[in-house]
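Residue numbers count from 1 along this sequence. First listed ligand is number 1; within each ligand, the first listed atom is number 1.
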Amino acid sequence: MSQKHLVDAPDDGGDTLTSLNDNGFLIPNFPDGQGIQGVRSVRIRDDDVLICTFPKSGTHWVWEITRELLTGEITHDDVTMSQTFMEMVPEERYADLPSPRILSSHLRMKHLPDDVLNKKIKVITVLRNPKDTAVSYYTFLKTIPFAKYKGEFKNFLRPLFQGKFMYESWMDYVLDWELVKKTNPDQPVLTLFYEDIKQDQMREMRKICEFLGVERTDDFLSKVCDNTTIAAMRTHKNKGHDRSSVFRKGGVGDWKNWFTVAQNEWFDQFYQEKMADCPLQFKYTLLSTDTVH
Ligand code: A3P
């Protein structure tokens, strides 16, 4: 039987953030959400592409890039990531979309339909450095009415990384995907890093094309770059569920404007403890000379 109840988790200052405990895992209390059981029963097609991310890792950006690369068309299509966000909307909203669909989710693999693994559909995971992810998540959660959160950043960081809020721990999310890849070596999974796309979007898009099995000219790729800048997406993708807070700054290193020295020290220590065995390296800053336009 399905068990769901709201949880008001306090931050370090006593302000609470509301999540939905859906059978033991914290998710947002989406007004139309189909919950984990709904997601588990979504009918997966062989040619679905699935974008999996921890919140605020660049989901909307990579979803749109993938859509343009897959269709070979640069259009300001009405279909946005929000319409295929599996846990947020009922399946009927994306059940009849033409193939190939690009689905998305912030859930863990065990919450996704079994056919993701059975049918070996293509999965793109996008990871972002946890410090910028935390800042982006904080600013976003304050705008979400159903999170009911009014706390300060200084009180948010520790409970966030301890997994007290919706989608729980960033570290567990990253480690979970590393394990899924290890235990399912024949599952097609492409792991991208937000900072790498910022650094050289053409290079990262070529990886996506190869993964999807599509060939696109450099001229086309460069048009996709122009059409998926944060300014362009703010203009074209800001309707429906996509709020302007989704397209906030779009950079690398904003965390330096938010983390105190003490928070940074706490975080680095906590990271070492939790991620000691994880070989992934995250970039926390990009020099302008690192970036290819
Ligand atoms: P910031 O809050 O740091 O600006 P998600 O789509 O997973 O919710 O992630 C949102 C984050 O990605 C936000 O980060 C947002 O600004 C950034 N983002 C969205 N579109 C982007 C784009 N076209 N280019 C770069 N970053 C983008």
Distance-only side-chain donor-acceptor flag, Thr285 / Lys256, under 3.5 Å: yes

Do Arg43 and Asp48 meet the salt-bridge criterion of a basic N to acidic O distance under 4.0 Å? no

For ligand 1, what are the residues with a heavy-atom contact below 4.0 Å? Lys56, Ser57, Gly58, Thr59, His60, Trp61, Arg128, Ser136, Tyr194, Thr228, Thr229, Ile230, Met233, Val246, Phe247, Arg248, Lys249, Gly250

Any pair with a residue in residues 206-226 that passes ring pair (Phe, Tyr, Trp, His ring centres under 6.0 Å), sequence neighbours left out, goes on the list, sorted by first then second residue, please. none

I want to know whether Tyr167 and Phe54 have ring centres closer than 6.0 Å. no

Using the benzene-type ring in the case of Trp, are the ring centres of Phe165 and Tyr137 under 6.0 Å apart? no

Got a second to check how far Thr183's OG1 is from Glu178's CD, nearest 0.5 Å? 10.5 Å

